[in-house]
Participant: 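What follows is a single structure, and I will ask about it in a moment.
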Amino acid sequence: MIDIKFLRENPDVVRASQKARGEDVSIIEKALAADEIRKSALDQFETLRAEQNLLSKSVATAKGEEKATLLESAKALAAKVKEADVKRTQCEAEAKAFIMQISNVIDPQAPIGKEEDFVVIENVGKPRVFDFEPKDHVELGKLLGAIDTERGAKVAGSRSYYLTGVGAMLEFALVNYAITSANKAGFTPVIPPVLVNPSAMEGTGFLGQAAENVYHLEKDDVYLVGTSEVPLAAMHMDEILVAEKLPMRYAGYSTCFRREAGTYGKDTRGIIRVHQFDKVEMFSFCHPDQAKEEHLRLLQWEKDFLNAMEIPYRVIDVASGDLGSSANRKFDIEAWIPTQDAYREVTSTSNCTEFQARRLNIRFKDNDATKAVATLNGTLVAIPRMIVAILENHQNADGTVNIPAALQPFLGTKRFELV
RNA sequence: GGAGGGCUCGCAUAGCGGCCGAGUGCACCGGUCUUGAAAACCGGCAUACGAAAGUAUCGUGGGUUCAAAUCCCACGCCCUCCGCCA
């Protein structure tokens, strides 16, 4: 949710932001108009209410005939108050509905444009040149006894898979390495709930445009989270954080569930795009003035991870049209996937400034004022895509796979052998 | 799933339908006193919107009433017991 005051004072900035995102610009006039109506309805209600409170008090002390007369006018006033109250509630809901549709104001440094208009910030490492025909991760997964997509489909449908043997071991190693390094860096490790209530889902902004991608269990009215960003962000919902403790950093490990509606043709092979996967997510609550620096720090931790995995990658500055509605800037890291001859997204970090915290009502005391904190999130490791990157980049001609040095202590071996 | 009990300002509690935005104790902050501290004493101490007046908030939502922390209903959460269960 954007700051209504900011909107009132800087409608042009918000308008430009909406335009850059390719989103509805007219919503701004609607929101402002609705807000005016809201204010006057509120004012009317409050004036009437004040009158009623006063009158009610005089009823209490009045006696006999006087009381009867007062009661009569009080009754009439009560009806008017009720009417004004209904109207106020209505106007508030309408104003809020418009305001909620406005996305976060983009960072002026974010590239303007559509999905393909991202800017490459840097390339790290060089795509490996193979002196043999590299196999894709599905084939390697079979040879190593690591990934079984066929049985996954049999048991759970498309976009499902089993990680078996070294595949499962690799997940544990990745999670271990990620959590251990995050813990060292000062993150509090968290295993959050993945089944959350509507207010958590709503507050984090996943019931907007992203709604069709979340699983909803109707019978119990709970949602399966698509990322631990949801329970991590909602963790401090309705709280006032201690300023001295900021930034508060959490590393959440959880399973993520995604319906992947509308992606029928995309990435149907392998485990690049699946309905369920595990992920270690970084989440930070910080002072709004610190958000930009914090964002770069999250990016650095992501890079550190990729470097440790010895995988070539590039960092992109995501274009305005491809930002989530809560983010004002987003950096993606794309790992080189040899058999696709392309860089593919493996991690992503977003600066949500105060946008998400405002919705979730997460604040801190800044001197005397109570203000919304800034929230930021970033992937440390999303398991399946990392497995894809590792298997494909570190494969040998015979289908065995070399294990990056950083993971060796967790696996007790230097190479995955054929089964 | 069944039967009870409870949800009030950081914590613990008080609260008669109007005098309750709400008392008390503890904690906390400022001061007096003290060489310093403790104790004692004095003062302060919820949030949001608003320039202010004011309005709203006693788990949440509805209802009754001129008037609701207080009465009624629904829901949520916590606790105890029974059943089931990793």
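Every heavy atom of this structure was used, including side-chain atoms; hydrogens, water molecules and symmetry mates were not. Every value quoted in this text rests on a predicted model; they were computed, and no experiment measured them. Throughout, a chain's letter reflects where its sequence line sits, starting with A, and its residues are numbered from 1.
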Participant: Among residues at least two apart in sequence or on other chains, which ones pass side-chain hydrogen bond (donor to acceptor under 3.5 Å, both in side chains) with A:Asn10?
Facilitator: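 Not a single residue meets the side-chain hydrogen bond (donor to acceptor under 3.5 Å, both in side chains) criterion with A:Asn10.
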
Participant: Find which nucleotide of RNA chain B each of A:Ile240 and A:Asp43 is nearest to by heavy atoms, and output the residue with the more 5' nucleotide.
Facilitator: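 Nearest-nucleotide comparison on RNA chain B picks A:Ile240.
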
Participant: My understanding is that a pair needs two contacts under 3.5 Å, Watson-Crick or G-U wobble. By that rule, which nucleotide pairs with B:U70?
Facilitator: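 In the structure as shown, B:U70 has no Watson-Crick or wobble partner.
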
Participant: Check ring-ring contact (aromatic ring centres under 6.0 Å, His included) between A:Phe331 and all other residues, then give those that pass, not counting sequence neighbours.
Facilitator: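 Scan of A:Phe331 (ring-ring contact (aromatic ring centres under 6.0 Å, His included), adjacent residues dropped) gives A:His295.
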
Participant: Can you list everything that forms a side-chain hydrogen bond (donor to acceptor under 3.5 Å, both in side chains) with A:Glu239? Sequence neighbours excluded, please.
Facilitator: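 A:Glu239 satisfies side-chain hydrogen bond (donor to acceptor under 3.5 Å, both in side chains) with A:His236 only.
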
Participant: For A:Thr227, which residues count as a side-chain hydrogen bond (donor to acceptor under 3.5 Å, both in side chains) partner, sequence neighbours excluded?
Facilitator: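 Listed in chain order: A:Lys279.
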
Participant: Paired with B:C20 by Watson-Crick or G-U wobble geometry, both distances under 3.5 Å: which nucleotide is it?
Facilitator: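 Answer to the pairing question: none, since B:C20 forms no Watson-Crick or G-U pair.
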
Participant: I'd like the C1' distance from B:A69 over to B:C58, given in whole Å.
Facilitator: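 One C1' to the other, the span is 5 Å.
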
Participant: Using a strict cut-off of less than 4.0 Å between a Lys/Arg side-chain nitrogen and an Asp/Glu carboxylate oxygen, indicate whether A:Asp317 and A:Arg329 qualify as a salt bridge.
Facilitator: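 Salt bridge flag = yes for A:Arg329 with A:Asp317.
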
Participant: Please state the C1' separation for the pair B:C20 and B:A68 - nearest whole angstrom.
Facilitator: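 B:C20 and B:A68 have their C1' atoms separated by 11 Å.
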
Participant: Under 4.0 Å, heavy atom to any atom of RNA chain B: which of residues 48-59 of chain A qualify?
Facilitator: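 By residue number: A:Arg49, A:Ala50, A:Gln52, A:Asn53, A:Ser56, A:Val59.
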
Participant: Take A:Leu71 and A:Arg88, find for each the nucleotide of RNA chain B with the closest heavy atom, and name the residue whose nucleotide sits nearer the 5' end.
Facilitator: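 Its nucleotide being nearer the 5' end, the pick is A:Arg88.
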
Participant: I'd like the P distance from B:C29 over to B:G17, given in whole Å.
Facilitator: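 Going atom to atom, P in each nucleotide, I get 40 Å.
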
Participant: Could you work out the separation of B:C71 and B:C79 based on their C1' atoms and round it to a whole Å?
Facilitator: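 Nearest-Å result for B:C71 against B:C79 at atom C1': 25 Å.
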
Participant: Which pairs with one or both residues in residues 176-217 of chain A pass ring-ring contact (aromatic ring centres under 6.0 Å, His included), sequence neighbours excluded?
Facilitator: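 Of all non-adjacent pairs touching residues 176-217 of chain A, those that pass ring-ring contact (aromatic ring centres under 6.0 Å, His included) are A:Tyr177-A:Phe305, A:Phe187-A:Trp301, A:His216-A:Tyr223.
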
Participant: Which base, if any, makes a Watson-Crick or G-U wobble pair with B:U32, both distances under 3.5 Å?
Facilitator: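 Checking every strand shown, B:U32 finds its partner in B:A40, with both distances under 3.5 Å.
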
Participant: For B:C81 and B:G43, measure between their C1' atoms and round to the nearest Å.
Facilitator: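 Rounded to whole Å, the distance is 49 Å.
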
Participant: Paired with B:C77: which nucleotide, if any, by Watson-Crick or G-U wobble criteria at under 3.5 Å for both distances?
Facilitator: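 B:C77 is paired with B:G6.
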
Participant: Should the pair A:Glu46-A:Arg49 be classified as a salt bridge under the 4.0 Å nitrogen-to-oxygen rule?
Facilitator: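 Salt bridge: no.
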
Participant: What integer number of Å spans the P atoms of B:A74 and B:C28?
Facilitator: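 To the nearest whole Å, 44 Å.
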
Participant: Tell me which pairs pass side chain to side chain donor-acceptor pair (under 3.5 Å) where either residue lies in residues 198-207 of chain A, with sequence neighbours left out.
Facilitator: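 Qualifying pairs: A:Asn197-A:Ser199.
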
Participant: Partners of A:Tyr343 by ring-ring contact (aromatic ring centres under 6.0 Å, His included), sequence neighbours excluded?
Facilitator: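 Expected list: A:Trp336.
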
Participant: Please list all pairs passing the side chain to side chain donor-acceptor pair (under 3.5 Å) test where one or both residues lie in residues 11-21 of chain A, with sequence neighbours left out.
Facilitator: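 Checked against side chain to side chain donor-acceptor pair (under 3.5 Å) - neighbours excluded - the pairs reaching residues 11-21 of chain A are A:Asp12-A:Arg15, A:Arg15-A:Glu29.
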
Participant: Does any nucleotide pair with B:U57 by Watson-Crick or G-U wobble geometry, both distances under 3.5 Å, and what is it?
Facilitator: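 Answer to the pairing question: B:A46, which forms a Watson-Crick or G-U pair with B:U57.
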
Participant: Provide the start and end nucleotides, 5' to 3', of the part of RNA chain B that has atoms under 4.0 Å from heavy atoms of chain A.
Facilitator: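 Taking any atom under 4.0 Å from a heavy atom of chain A, the span is B:G18 to B:A67.
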
Participant: Taking any strand in view, what nucleotide pairs with B:C11 in a Watson-Crick or G-U wobble way, both distances under 3.5 Å?
Facilitator: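 Answer to the pairing question: B:G25, which forms a Watson-Crick or G-U pair with B:C11.
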
Participant: When you measure from every atom of RNA chain B, which of residues 74-82 of chain A have a heavy atom less than 4.0 Å away?
Facilitator: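 Under 4.0 Å from RNA chain B: A:Ala74, A:Lys75, A:Ala78, A:Lys82.
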
Participant: Indicate, with a heavy-atom threshold strictly under 4.0 Å, whether A:Arg363 touches base, sugar-phosphate, or nothing.
Facilitator: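 Sugar-phosphate only.
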
Participant: Please collect all salt bridge (charged side-chain N to carboxylate O under 4.0 Å, His left out) contacts where either partner lies in residues 89-115 of chain A, sequence neighbours excluded, each pair once.
Facilitator: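 Listed by first then second residue: A:Asp107-A:Lys292.
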
Participant: If the P atom of B:C26 is compared with that of B:C75, how far apart are they to the nearest Å?
Facilitator: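 So the two P atoms sit 41 Å from each other.
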
Participant: Carefully, step by step, assess A:Val346 and A:Tyr313 under the rule side chain to side chain contact (heavy atoms under 4.5 Å, CB included).
Facilitator: CA-CA 9 Å; A:Val346 285; A:Tyr313 63 91; over 6 Å; no

Participant: Rounded to whole angstrom, note down the P distance from B:U57 over to B:U70.
Facilitator: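 Here B:U57 and B:U70 have their P atoms 11 Å from each other.
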
